[in-house]
Structures are given as C-alpha cells and as structure tokens.
Amino acid sequence: MILPFQYIKNGRELGGLTAAGGKKTKCCLLLRTGELFTADEKEILSLSEDYKIKTVIDFRDISECEIRPDKEIPGAVYHQIPILPPQPEEMRNKLMTMLMHEPKATFLRIYENIAENNDAPAAYRKFFQVILENQGAPLLYHCRQGKDRTGIASILLLSALGVPEEEVLKDYFMTNELLKADFEALKAQGTPEEQLIKAREILFVSDECVHGYLGLLKKNWGGVEGYLQGALCLGQDDLTTLRAIYTE
C-alpha cells in the first residue's frame, strides 16, 4: 500500500504480499520510505499516531545524516546502519561528480559494491537483527531516496519472508511510479533533454542494477536464499521467527 504522504518520498508499506506457506505479509508493520528530513509535522504525527512506528532504521552514512537529519518520530528508537563504508570527503565528492556525469554506470558499480564488499553483509545482518529484536512492533526503514539501499533491503527482507521474486521485484520497481512526479516536474521546468536522461537514471531504479545485483548473489552464494543464510547468517530458526511475526 502506498503511503499517503507528500513530503516523505517513495513510501509504501509491505503488507498484503503473498508469502511462504500460502500466507500474506501483515499490514502496517514494515514501512519503507525516503529520508524523513523532508517530512512535515503532520506526516511525523501520522507515523507516530496512525502507523505507531516504534523503530526507525536509517541506511545513510554519518555525513548524510548530519547534512539532512531525520525529523524524529516521538517514542521511536533510531538505528543508524550505513550500508556503504564511510568515505573521506574527497571520495564522496568524486562519487557525486560521477553520479552527475555517468549515473547509470555509477549505480551499476554501487550495486556491485553492495553485493560483493564486506560492509554491506554486516549492515544488512544488523538490519535483520533489529527486525528480529523488534518483535513485530511497527518499523520504518529508509535511505536518501528510499530506492537503492532501501530497495535491496526490501529484496532481502521480502525474500526471507518467502515472497516470490516476481512480487519482490514488483515492489522494487514501484519506486519508478512513486518518483515519477519528481521527474515530470523537471520536464515541466523545461529541463534540457540531455539532463532529463541523466535525471531519469538518478531518480529511477533499473533492470540492469537489480538483475546485476541478483546475478552476483547467484554467482557467489547460489541466490538470495544462500546469501541470507551464508552472508547474513540467518538460520532456519530466524526465518521461521520472521515469518511467524510478519506473515499471517
């Protein structure tokens, strides 16, 4: 279900999806969004009172959080779990330059890095630990735009809950529909076509990135299930607990 927010971008909750054993994912327990820096007071109040969010997981690095800090949800516990390793300012600036000039190639490298470096498995392992410890209380996780680091987290989480790959990818690509208005706003402003092409590659998720990521998991771990068990150290008891809590 798409979240009814204007200032929090790319938000949906992961309820109602087909899961293991013919069950469905429970509604309003797992929310994924973009950063909460842009949220207004009404949206924060809604997350607190309507969705009763008790835990927030932020996949951004320290510098991102310092520049664009989340608005705090009253009563929620915050966990900062950076997916990408910390970079010196010079490297961050270089990455931003690459994103502006070669966004598609840069995102492909980012996804490859997340699939193969040692920092990402440790971070996503902690993500699952927080979810398990959360014991079914409503939870929200996000990065900057809620599309790449958050998108991969959703692929892993939904796969752990036994959601078929087709539905997992449907949720992943929903980002493009939810961020379409931002792209259309750029078009309406008369942005040159060359810049629009790059903006599309920055705003939207792509087949190449996600299938490249999944391909590397298959190559290195035999697939998502092997990655969950081997790289993230999720045992059968963990999967059983997750499914007991988040499906019905």
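In this chain, numbering begins with 1 at the start of the sequence shown. Not measured: the values here are computed from a predicted model.
A distance of 8.5 Å separates CG of Leu17 from NZ of Lys170, quoted to the nearest 0.5 Å. From Phe107, atom CZ reaches atom CD of Glu208 across 13.0 Å, with rounding to the nearest 0.5 Å. Note that OH of Tyr172 is 5.5 Å distant from SG of Cys209, once rounded to the nearest 0.5 Å. The line from CG of Leu161 to CG of Leu14 is 8.5 Å long, rounded to the nearest 0.5 Å. Within the model, atoms CG of Leu31 and CG of Leu29 stand 9.0 Å from one another, a figure rounded to the nearest 0.5 Å. Atom CG of Asp182 is separated from atom CD1 of Ile202 by 12.5 Å, given to the nearest 0.5 angstrom.
At least one test fails for Lys218 against the ring of Tyr227: distance under 6.0 Å to the centre or angle within 45° of the axis.
Of the N and O atoms on the side chains of Thr175 and Arg12, at least one donor lies less than 3.5 Å from an acceptor on the other residue. For the 3.5 Å distance criterion, the side chains of Asn220 and Glu116 qualify, holding a donor opposite an acceptor. In this structure, a donor-acceptor pair under 3.5 Å is present between the side chains of Lys24 and Thr18. No hydrogens or angles considered: nothing links the side chains of Asp58 and Tyr78 as a donor-acceptor pair under 3.5 Å.
Contact annotation: the side chain of Asp238 never approaches that of Leu228 to less than 4.5 Å [non-hydrogen atoms, C-beta and beyond]. Under the 4.5 Å side-chain criterion, counting only non-hydrogen atoms from C-beta, Leu132 is not in contact with Gln129. Between Lys23 and Glu248, the closest side-chain pair of non-hydrogen atoms is not below 4.5 Å. In this structure, the side chains of Asp171 and Val168 stay at 4.5 Å or more apart for every pair of heavy atoms. Looking only at side-chain heavy atoms (C-beta outward), Leu169 and Leu214 come within less than 4.5 Å of each other. By the 4.5 Å heavy-atom criterion applied to side chains, His101 and Thr106 are not counted as neighbours. The shortest side-chain heavy-atom distance between Glu43 and Thr38 does not fall under the 4.5 Å cut-off. In this structure, Leu196 and Glu193 have side chains that are in contact, with non-hydrogen atoms separated by less than 4.5 Å.
With salt bridges taken as basic N to acidic carboxylate O contacts below 4.0 Å, one links Glu35 and Arg68.
The backbone N or O of Phe37 sits less than 3.5 Å from a side-chain atom of Lys71, completing a donor-acceptor pair. Remark: the backbone N or O of Ala160 is paired with a side-chain donor or acceptor of Arg243 at under 3.5 angstrom. A donor-acceptor pair is defined here as one N or O able to donate and one able to accept, closer than 3.5 Å; no such pair exists between the side chain of Lys26 and the backbone of Gly136. Remark: the backbone N or O of Thr240 is not paired with any side-chain donor or acceptor of Asp237 at under 3.5 angstrom. A donor-acceptor pair is defined here as one N or O able to donate and one able to accept, closer than 3.5 Å; such a pair exists between the side chain of Asn117 and the backbone of Asn113.
A continuous path of Ile, Leu, Val, Met, Phe, Trp and Tyr side chains, each step under 4.5 Å between heavy atoms, connects Val130 with Leu232, placing both in one hydrophobic cluster. Both Leu158 and Leu239 are part of a single hydrophobic cluster, where members link through side-chain heavy atoms under 4.5 Å apart. Under the 4.5 Å side-chain heavy-atom criterion for ILVMFWY residues, no single connected hydrophobic cluster contains both Ile57 and Leu3. In the hydrophobic clustering of this structure, Phe128 groups with Ile155; members are Ile, Leu, Val, Met, Phe, Trp, Tyr whose side-chain heavy atoms approach within less than 4.5 Å, directly or through other members. In the hydrophobic clustering of ILVMFWY residues, with side-chain heavy atoms under 4.5 Å counting as a link, Ile110 and Leu203 come out apart.
The nearest pair of heavy atoms linking Gly16 to Cys27 is N-SG, 4.1 Å. Of all heavy-atom pairs between Ala123 and Pro82, the closest is CB-O, 3.4 Å. Across all their heavy atoms, Gly146 and Arg32 have their closest contact at O-NH2, 2.8 Å. Nearest heavy atom pair, residue Thr191 against residue Leu186, reads OG1-O, 2.7 Å. The nearest pair of heavy atoms linking Cys143 to Phe59 is CB-CB, 4.1 Å. When all heavy atoms of Ser48 and Pro74 are compared, the closest pair comes out as OG-O, 3.7 Å.
For Glu167, the CD atom sits in a packed shell: over 12 heavy atoms of surrounding residues, nucleotides or ligands are nearer than 6.0 Å. Atom CD of Glu72 has 12 or fewer neighbouring heavy atoms from other residues, nucleotides or ligands inside a 6.0 Å radius. More than 12 heavy atoms of other residues, nucleotides or ligands shown are found within 6.0 angstrom of CD on Glu184. No more than 12 heavy atoms of other residues, nucleotides or ligands shown are found within 6.0 angstrom of NZ on Lys126. Under a cut-off of 6.0 angstrom, the local environment of NZ in Lys104 is sparse, with at most 12 non-hydrogen atoms contributed by other residues, nucleotides or ligands. Heavy atoms from other residues, nucleotides or ligands lying under 6.0 Å from CZ of Phe183 number more than 12.
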- Do Thr33 and Tyr141 pass the side-chain hydrogen bond (donor to acceptor under 3.5 Å, both in side chains) test, and can you show the C-alpha distance, the side-chain angles, and the key distance before you say yes or no? CA-CA 7 Å; Thr33 69; Tyr141 58 97; over 6 Å; no
Kindly indicate, with the supporting measurements, whether the criterion salt bridge (charged side-chain N to carboxylate O under 4.0 Å, His left out) is fulfilled by Arg144 and Glu64. CA-CA 8 Å; Arg144 173 71 183 270; Glu64 290 177 282; 5.3 Å; no
For Thr25 and Tyr246, run side-chain contact (heavy atoms from CB on, under 4.5 Å): C-alpha distance rounded to whole Å, both residues' side-chain angles, the deciding distance at 0.1 Å, then the answer. CA-CA 6 Å; Thr25 53; Tyr246 293 103; 6.0 Å; no
Subject >> Evaluation steps, side-chain contact (heavy atoms from CB on, under 4.5 Å), between Arg109 and Glu102 >> reply: CA-CA 11 Å; Arg109 284 195 287 270; Glu102 296 182 323; 4.2 Å; yes
TODO: Take Thr55 and His79, measure what side-chain contact (heavy atoms from CB on, under 4.5 Å) needs, and give me the verdict at the end.
DONE: CA-CA 8 Å; Thr55 301; His79 300 266; 3.6 Å; yes
*asked:* Between Phe127 and Ile83, does the side-chain contact (heavy atoms from CB on, under 4.5 Å) criterion hold? Intermediate values first, please.
replied: CA-CA 10 Å; Phe127 167 61; Ile83 300 300; over 6 Å; no
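For Tyr213, there are no ring pair (Phe, Tyr, Trp, His ring centres under 6.0 Å) partners at least two apart in sequence or on another chain.
No option in Leu84, Thr150, Asp70, Ile81 other than Asp70 meets the side-chain contact (heavy atoms from CB on, under 4.5 Å) test with Arg60.
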